[in-house]
Amino acid sequence: MTFDIAAILAVDGIASGAIYALVAIGTVLLFSVTRVMFVPFGDLAAFTALTLAALDDGKTPGTVNLVIALAILAFSMEAVALVRAGGAKGLPRAALFYLVIPIAVALAVRLLAPATPPLPARLMMALALIVPVAPLLDRIVFRPVADAPVLVLLIIAVALHFALVGLGLLFFGPEGVRTQPLTSWSTEVFGAIVSGQTVCIVVAAIALSALLYVGFEFTLTGKALRATSSNRTGARLMGVRPARAGTIAYVLSSILAGVSGLLIAPVNTIFYDSGFLIGLKAFVGAIIGGLHSYPGAAIGAVIVGLLESFASFASSSLKDVIVFSILVPILVWRSLVSVHIEEEDEE
Amino acid sequence: MTALLTLDKVSVSYGRIQAVREVSVSIDPGQIVTIIGPNGAGKTTLMLAAIGLLPSIGAMRYEGEDLADVDVEARVERGMCLVPERRELFHDMNVEDNLTLGAYSRRAKADIRRDLDDVFDRFPRLRERSRQLAGTLSGGERQMLALGRALMAKPRLLLLDEPSLGLAPLIVREIFKTIASLRNLGISILLVEQNARAALETADVGYVLETGQVTQQGAASELIGDPKLIAAYLGGH
């Protein structure tokens, strides 16, 4: 391997690593706040890419109907729950959040899609359409079992992933898509060509991470999210509702998944079921970071991206095998270095 | 005078085991009420039910309002606040963030800075350690932080579960001094304690809870002189 090739592979690896980093950060955020290992996270990214591709063709993306169906289902469940609990006065708020906003977004996209608006508008439309999906799924699937053990939540998340892949086939069809790059500009660094797309990916990943850091560190809502992941009972005793914190976490991580989907769409061909591999690689990155540290997850994801890139040079058919087999030494190392901390340590 | 909080024949069960049986307790505004009793009598269970973390049967009223459909978070918004036996601090967040989160339920966020200073004045140790993670604090400092965090919520009723548990005698004295001084802020307190003598010296009214039932109740000053109690809990002189 020459230096030139190594540089090309490194650039490539950092680009995909940055995408995995966004997904990994979202995975850690969701897991720590809601205790759900949200397996379908990569599917959200893939769906965003497919939505953008449909919008590029001036077609109505399947996500529109998906969001409308989920909104009706989620609102019905919330309404029944509210009326049963005698809290009918919460209905208008629930209707706004679970019904009006998602359906308004879906209808707006459906109305605008045939006109093929300019690219920035299409990006925003795809993102706006994907953000409600996870919070609605949370209401439908996870809220009724909010107190279940982590393992049960994980298995439900796996089932949800398979359901979403099926829905993806139904709504988007079996064809793979690859969208136009965000920019055709490119530059040369150490002999390797760095495309504008790669720069966009890395800049977006850093900017979103910085934004999250500021939010967690300096806003009361961000601190409430951290408090929920640190100690749910303690947070409840301060008046922080875990369900509400969960919804905020779902919205934030959906934005991360959506952005990573938009960024990966011009780089890789995305099929309705491509999300799983993205999610799984991000998961490996998150594990390297110990599943509770955001910088750790980001660094882990970049390691995965680099490893994947160099592995594909060594043997493209075995690249996934190589990436996933590093899980074994990492888990061994993790189990050796991390002290198992009981949920509550009493003095 | 209407009571601030009344528990009327409240029972709490874990599965088929009834941990608290038809307990009735009442706290008037400005009062400090203590519940004493041996380990496993159901004191903590009763506190968790009062704040809404455990389901219970029987009636609970707060400021005249039925609490049946009011969940934990809504009770906190209405001015109830529990300092649990396990403290439930945010260990991987610093002291100041822990305190700031105490004010989460308050509508008026404007005075948070000033209240933070008040808490730091009350517990100067916390000011020294304001940037330190809560998980690195000593036992006494953790209890101060738990108390301070609760005070940030500006509660009208403070539920204190074993605030002296596991603390050195010197710190216990300090904690009880703080509890007594909260009366001046107009905070009513329901205090659960194994340290019966200190609790009765601080409180106006006392209840004795044994195996889930109230076996004795009365003015704290009378209970403290009761020969039976002295033999059982107060350890003589």
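Chain naming here is simple, since letters A, B, ... match the order of the sequence lines and numbering starts at 1 in each.
Proximity to chain A is limited to the side chain of Asp69(B), based on heavy atoms less than 4.5 angstrom apart. Proximity to chain A is absent for every atom of Ala146(B), based on heavy atoms less than 4.5 angstrom apart. For chain A, the nearby part of Leu53(B) is the side chain; its heavy atoms alone come within less than 4.5 Å. If you measure heavy-atom distances from Leu101(B) to chain A, the contacts under 4.5 Å come from both the backbone and the side chain. Heavy atoms closer than 4.5 Å to chain A are found nowhere in Asn98(B), neither backbone nor side chain.
Put simply, of Ile51(B), Ile112(B), Val83(B), Asp71(B), the one with the most heavy-atom pairs under 4.5 Å next to chain A is Asp71(B). Considering only heavy-atom pairs separated by less than 4.5 Å from chain B, the leading option among Ala235(A), Ala224(A), Gly234(A) is Gly234(A).
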- Task: Please step through salt bridge (Lys or Arg N to Asp or Glu O under 4.0 Å) for the pair Arg106(B) and Asp115(B), ending with a clear verdict.
- Result: CA-CA 12 Å; Arg106(B) 275 162 51 182; Asp115(B) 293 332; 2.8 Å; yes

- Task: Evaluate salt bridge (Lys or Arg N to Asp or Glu O under 4.0 Å) for Arg143(A) paired with Asp138(A), printing each intermediate quantity in order.
- Result: CA-CA 6 Å; Arg143(A) 197 73 61 79; Asp138(A) 169 46; 3.5 Å; yes

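In this structure, a donor-acceptor pair under 3.5 Å is absent between the side chains of Thr6(B) and Tyr62(B). Checked by atom type, the side-chain pair Arg86(B)/Thr233(A) shows no donor-acceptor distance below 3.5 Å. Inspection of the Ser164(B) and Glu193(B) side chains reveals an N or O donor paired with an N or O acceptor under 3.5 Å.
Arg149(B) places a side-chain N or O within donor-acceptor distance of the main-chain N or O of Arg87(B), the cut-off being under 3.5 Å.
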